[in-house]
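Below: one structure, written as structure tokens.
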Amino acid sequence: MARLFGTNGVRGVINDDMTSELGLRLGKAIGAFFGGSVAIASDTRVSADMMKSAVSAGLMAVGCRVLDLGVLPTPAAQYFVKTHSHVSGGVMITASHNPPEFNGIKCIAPDGTELHRSDEEQIENMYEGEIPCKPWSEVGTKEDVLGAAESYVDAVISLVDSERIRAANLTAVLDCANGAAHYTAPLLLSKLNVRAITLNANPQGEFPGHLSEPTEENLSGLIEVTKYAKADIGIAHDGDADRTVFVTDEGKFVSGDKSLTLMAEMAVSEKGGGTVVTPVSSSSVVEEVVVRAGGAVIHTAVGSPVVARKMIETGAIFGGEENGGLIFPEMQYCRDGAMTVAKMLEYVAKNGSLQKRIDALPVYFTDKRKLSCPAAERADLMRHLMEINATRNMDSTDGLKILYSDGWVLLRPSGTEQIFRIYSEARDAETAEKRGTYYENLVRDYLKTCGI
Ligand code: MG
């Protein structure tokens, strides 16, 4: 059968492939899988109520008690499920950073983590089959639950040196992409005595401020205001606020692997060692700094559930992705936007200028490219690339990572889109670019021979 769940749940364009019928049927399948009480929350998209209602109706049809948490960041919903033992699972209605016409359905396991692939397969099988509904007297009910946002923010504050942050009298510019953090993020800053200048903190659903993928390009407003306001830091979340990226006190965008590196270094220094988990796509700067601080790095395939599971398996002290999705095990084994903010504020309160700390990091240059590549060609293309690079030093944890003495190139088809990614990293920009071009040409030549 067709795979329904992608890397980040089920996603699609509303009333195209993401319909109320799909929501209803998937709600029934999810309800039959979890049973009992199921929490549900959404981000701020226009279609949030439609999809949440459809999924809720499905959950109730199979007898589940639905706990509606309202609009919440994904990690806040995950934290609610994790900390309420009578809740058997959760559903988050979000398409994260995707454009406003998208929405999605993501399941939360009873321990708050992202659902295992084998469990998703069970739900997919139920979705394809006959789902028995309950008789009229046993259908579920739905109730609103208040306070999940506040409990989440308080839990985050309890895990950082809040006194140190409060005493630092910091100023932050905050960009919520008009998404799920529009309430929790300003609340977190105000409770930490951080003066906040907010941008795009209106839950308008259409994300009119800018596209909700937190890239340098989309965050030009945040960068400008952080510079102009002479703030200590600029903070941006993606649409569902599981990810966070930063702007320095000099108004420079901080790439995700640099914030990942600083947070990893802080965790390793605090604990006097330990393991950090990150995908093969992360910059070597992470490993270099972590090893220097006395820790070790384990590389995994790309995708936060893989990182989280490896962290649980190895007892890692910290983990995360280069896209700003960081995992703090003391809070939960999920990417957590608010934890990332609070920990970075603690870092700035203790270390001063973020720009100075970024400038002190080892320098690597990355060349990132993406080509369109039909899903049907992926496997053959990868086999071809594996063959022609057979004599090189390779790592095939995810895609193909070709290791050089002064860098690496990662060749990897996207799991969710019809694209092929080429990441090249080296000690100097010219080498990174030269290798990027070389592999782009290899891929293009192959696709040409396939008539694409
Ligand atoms: Mg997200």
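None of these values were measured; they are calculated from a predicted model. Heavy-atom basis, side chains included; hydrogens, waters and symmetry copies ignored. Each ligand, and each atom within it, is numbered from 1 in the order the structure gives.
Here Arg65 pairs with Glu143 in a salt bridge; the nearest charged N to carboxylate O distance falls below 4.0 Å. A salt bridge links Arg243 with Asp238: the closest approach of a Lys/Arg side-chain nitrogen to an acidic carboxylate oxygen falls below 4.0 angstrom. The existence of a salt bridge linking Lys191 and Asp154 is confirmed by a sub-4.0 Å separation between a basic side-chain nitrogen and an acidic carboxylate oxygen.
Taking distances strictly below 2.8 Å, the protein N/O/S atoms close to the Mg ion (ligand 1) are Ser96 OG, Asp238 OD2, Asp240 OD1, Asp242 OD1.
Ring geometry for His84 versus Phe80: interplanar angle under 30°, hence parallel rather than tilted (30 to 60°).
Taking every heavy atom of both residues into account, Phe246 and Ile233 meet most closely at CD2-CD1, 3.5 Å.
Every residue two or more places apart in sequence or in another chain was checked for a salt bridge (Lys or Arg N to Asp or Glu O under 4.0 Å) with Arg195, and none qualifies.
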